Novice: 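Sharing a structure with you now.
For this chain, numbers begin at 1 and follow the sequence in order. Predicted model only: the values in this text are computed from it and were never measured.
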Amino acid sequence: METTLPQKKKAKVDNVQHTTNTNTTKNNHTVTKNGAYSDNKSMTMENRKRRGGTKDNGDRSRFRTQQSQTKVICAQSTSEFEMCISKCVNEGDTVLIINGGTDKGSKSYDGGEEKARQTSKREPTVFRGTSVWENVHELIQLATTCAPAVRVICLEPSNLHGNDLILDSIALIKLLRSIFSTTTTHTTILVKSKLLARHARSYHNVHDFINSGGMTNASLVKNGNGAVQVVSAVGVESYRDTIPLVVRQDDHVLEIGCHHGKTTSLIAKATQRRGTVVGVDIGKVCIERAKKNYSELGIRFEVADAWDSAALLDLDPAFTAIYLDVGGISGADGLFEALGLVRQLTCAYKSSLRCIVVKSRCLRDHSLVYKNSDEFLR
């Protein structure tokens, strides 16, 4: 008994090893003999995330990937809006006009209707309502009915909301993108809005920003018309890759969500001046560790909340660049929180701030979708 028992145990192990060796691999996935399924890309995808790579469609939902196919072109004037319609609409295309006016013959409520009619050689589908949110069910019903055929949507937020309201407009566009993401046609949304046109010109994904030369690119700063430039990165490496293209030697820089201080230390080395870089985090333990790790660089580390503008202003009222890495906005969700926080920081430091770099996938995706008509018409 003492000699046969180990032999049986060894035989069982051999059998397990044999079963494992019969696993098949197809399309970089492993299918075991008993039907178990595993993704061999998972570790690779995690490594890509850590490196800040952008090829992350594998871990995004199909719905979110489909939404990214719907592009938003923002024009600041009627002439640019009509030029975009001429470029996007082909003869025979179905165009949806979302128009807040009720007077069909009024030029002020046209919303691109006449231009779409001339270009497509057919009557556009028109939604009319004095308040789009009060009639949102009717809009969804109309859009769902005509969704498979619609190639272009024309939208003028000031007609819909009575004013050019940026967050209301983004919320409506998000709704339209969700409706039309299920169609096989790649729908383009054309928006006539000065605020959204400026917004689209100021938001950049990190790779386009780096490839264009960052804040050293004079045309980028000029086209921003003095607006704060917002750069969105995915992953800590691409977040840090922006430092040479953003930080100047005479800058005063704040990092919000500094954690243990590694990125803050790289920023401090780029400024080459002591006492001009501040790192804040909501965690006391993180701040204590950051102080211990990088005390020799002259960085000021403090406990503070990202949303507490009064406390941040007390640290320095004239930051020229801000790095932002906080929970709640770093993932694929949280777009409106991210936009709200960026807006709050922009207003707090409007007299000095030049650039905000945000580690945020939702803002990165947002910057990929929204384009200014200048770029589109080139």
Side-chain angles (χ1 to χ4, degrees), residues 39 41-72 170 173-174 177 181 199-215 217 220 228-247 253-267 270 279 281 286 306 321-343 345-346 355-371 375:
D39 187 353
K41 289 183 178 180
S42 58
M43 186 61 74
T44 304
M45 196 60 66
E46 273 303 309
N47 291 337
R48 282 178 182 170
K49 288 180 187 177
R50 294 191 186 102
R51 294 197 304 267
T54 59
K55 296 182 179 180
D56 56 336
N57 285 342
D59 67 339
R60 298 177 69 191
S61 71
R62 183 177 299 175
F63 174 75
R64 205 171 267 127
T65 302
Q66 288 172 329
Q67 274 194 306
S68 67
Q69 296 172 354
T70 303
K71 300 302 179 185
V72 181
I170 291 174
I173 291 167
K174 188 176 178 69
R177 289 177 62 213
S181 65
H199 173 87
R201 191 183 286 117
S202 301
Y203 277 70
H204 315 274
N205 73 81
V206 68
H207 298 288
D208 288 348
F209 180 79
I210 290 174
N211 291 336
S212 68
M215 295 304 292
N217 185 342
L220 182 149
V228 174
Q229 302 302 299
V230 181
V231 183
S232 47
V234 177
V236 70
E237 287 199 11
S238 59
Y239 176 68
R240 292 170 179 169
D241 285 344
T242 63
I243 294 174
L245 299 175
V246 171
V247 180
V253 188
L254 169 68
E255 186 183 23
I256 302 174
C258 66
H259 199 50
H260 294 157
K262 176 61 177 178
T263 302
T264 321
S265 70
L266 296 175
I267 294 169
D281 199 284
C286 289
I322 294 176
Y323 276 72
L324 185 59
D325 179 9
V326 299
I329 68 170
S330 59
D333 299 309
L335 174 62
F336 290 98
E337 288 84 355
L339 291 171
L341 183 53
V342 168
R343 176 67 173 164
L345 292 169
T346 300
C355 184
I356 298 178
V357 180
V358 192
K359 188 156 77 69
S360 169
R361 177 166 296 172
C362 60
L363 276 186
R364 190 281 309 270
D365 293 346
H366 177 77
S367 66
L368 289 171
V369 169
Y370 281 72
K371 298 298 178 184
E375 181 181 350

Novice: Once rounded to the nearest 0.5 Å, what's the spacing between atom CD1 of I267 and atom CZ of R240?
Specialist: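 If I round to the nearest 0.5 Å, the distance is 9.5 Å.
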Novice: Apply side chain to side chain contact (heavy atoms under 4.5 Å, CB included) to V230 and list each qualifying residue two or more places apart in sequence or on a separate chain.
Specialist: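 Checked V230 against side chain to side chain contact (heavy atoms under 4.5 Å, CB included); matches are Y203, V342, V358.
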Novice: Let me see the working for L324 and L345 under side-chain contact (heavy atoms from CB on, under 4.5 Å), right down to the final yes or no.
Specialist: CA-CA 10 Å; L324 185 59; L345 292 169; 4.1 Å; yes
Novice: Taking all heavy atoms of A321 and all of V246, pick out the closest pair and write down the distance.
Specialist: CB-CG1, 4.1 Å
Novice: What is the distance from atom NZ of K359 to atom CD of E237, rounded to the nearest 0.5 Å?
Specialist: 11.5 Å
Novice: Check the pair Y239, V357 against side-chain contact (heavy atoms from CB on, under 4.5 Å), reporting the backbone distance first and the verdict last.
Specialist: CA-CA 7 Å; Y239 176 68; V357 180; 3.9 Å; yes
Novice: Going from CD1 on I322 to OG1 on T346, what distance comes out if it is rounded to the nearest 0.5 angstrom?
Specialist: 7.5 Å
Novice: Kindly compute the distance separating CD1 (I170) from NE2 (H366), expressed to the nearest 0.5 Å.
Specialist: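 Between atom CD1 of I170 and atom NE2 of H366 there are 4.5 Å.
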Novice: Would you find a donor on one side and an acceptor on the other, under 3.5 Å apart, between the side chain of N205 and the backbone of S367?
Specialist: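 No; judged by distance alone, with no hydrogens or angles, the pair does not exist.
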Novice: Distance check, rounded to the nearest 0.5 Å: T242 atom OG1 versus F209 atom CZ?
Specialist: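 So the gap between those two atoms works out to 6.5 Å.
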Novice: Of all the heavy-atom pairs spanning L339 and L363, show the shortest one and how long it is.
Specialist: CD2-CD2, 3.7 Å
Novice: How far does OG of S212 sit from NE2 of H207, to the nearest 0.5 angstrom?
Specialist: 12.5 Å
Novice: Check step by step if side-chain contact (heavy atoms from CB on, under 4.5 Å) holds for E255 and T263.
Specialist: CA-CA 8 Å; E255 186 183 23; T263 302; 3.5 Å; yes
Novice: List in chain and number order the residues that pass side chain to side chain contact (heavy atoms under 4.5 Å, CB included) with S330, two or more places apart in sequence or in another chain; answer none if no residue qualifies.
Specialist: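 So S330 forms no side chain to side chain contact (heavy atoms under 4.5 Å, CB included) with any residue.
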Novice: Looking only at heavy atoms, what is the nearest atom pair of T264 and C258, with distance?
Specialist: OG1-CB, 3.3 Å
Novice: Which atom pair, heavy atoms only, marks the closest approach of C355 to V231?
Specialist: SG-CG2, 4.0 Å
Novice: S265: what forms a side-chain hydrogen bond (donor to acceptor under 3.5 Å, both in side chains) with it, not counting sequence neighbours?
Specialist: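 side-chain hydrogen bond (donor to acceptor under 3.5 Å, both in side chains) list for S265, sorted by chain: empty.
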Novice: Would you call the rings of Y370 and H199 parallel, tilted or perpendicular, where under 30° means parallel and over 60° means perpendicular?
Specialist: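 It falls in the perpendicular class, over 60°.
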Novice: Nearest heavy-atom pair of A306 and I256: which atoms, and what distance?
Specialist: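 Closest approach of A306 to I256, heavy atoms only: CB-CG2, 3.5 Å.
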Novice: So, for A270 and V247, which heavy atoms are closest and what is the spacing to 0.1 Å?
Specialist: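 Here A270 and V247 meet closest at CB-CG1, 3.9 Å.
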Novice: Without swapping roles, check the side chain of D208 against the backbone of H204 for a donor-acceptor pair under 3.5 Å.
Specialist: no
Novice: Using the rule given for side-chain contact (heavy atoms from CB on, under 4.5 Å), can you reason through V369 versus I173, listing the C-alpha separation, both sets of side-chain angles and the distance that settles it, and then say yes or no?
Specialist: CA-CA 11 Å; V369 169; I173 291 167; over 6 Å; no
Novice: Side chain of S360, backbone of I329: donor and acceptor closer than 3.5 Å?
Specialist: yes
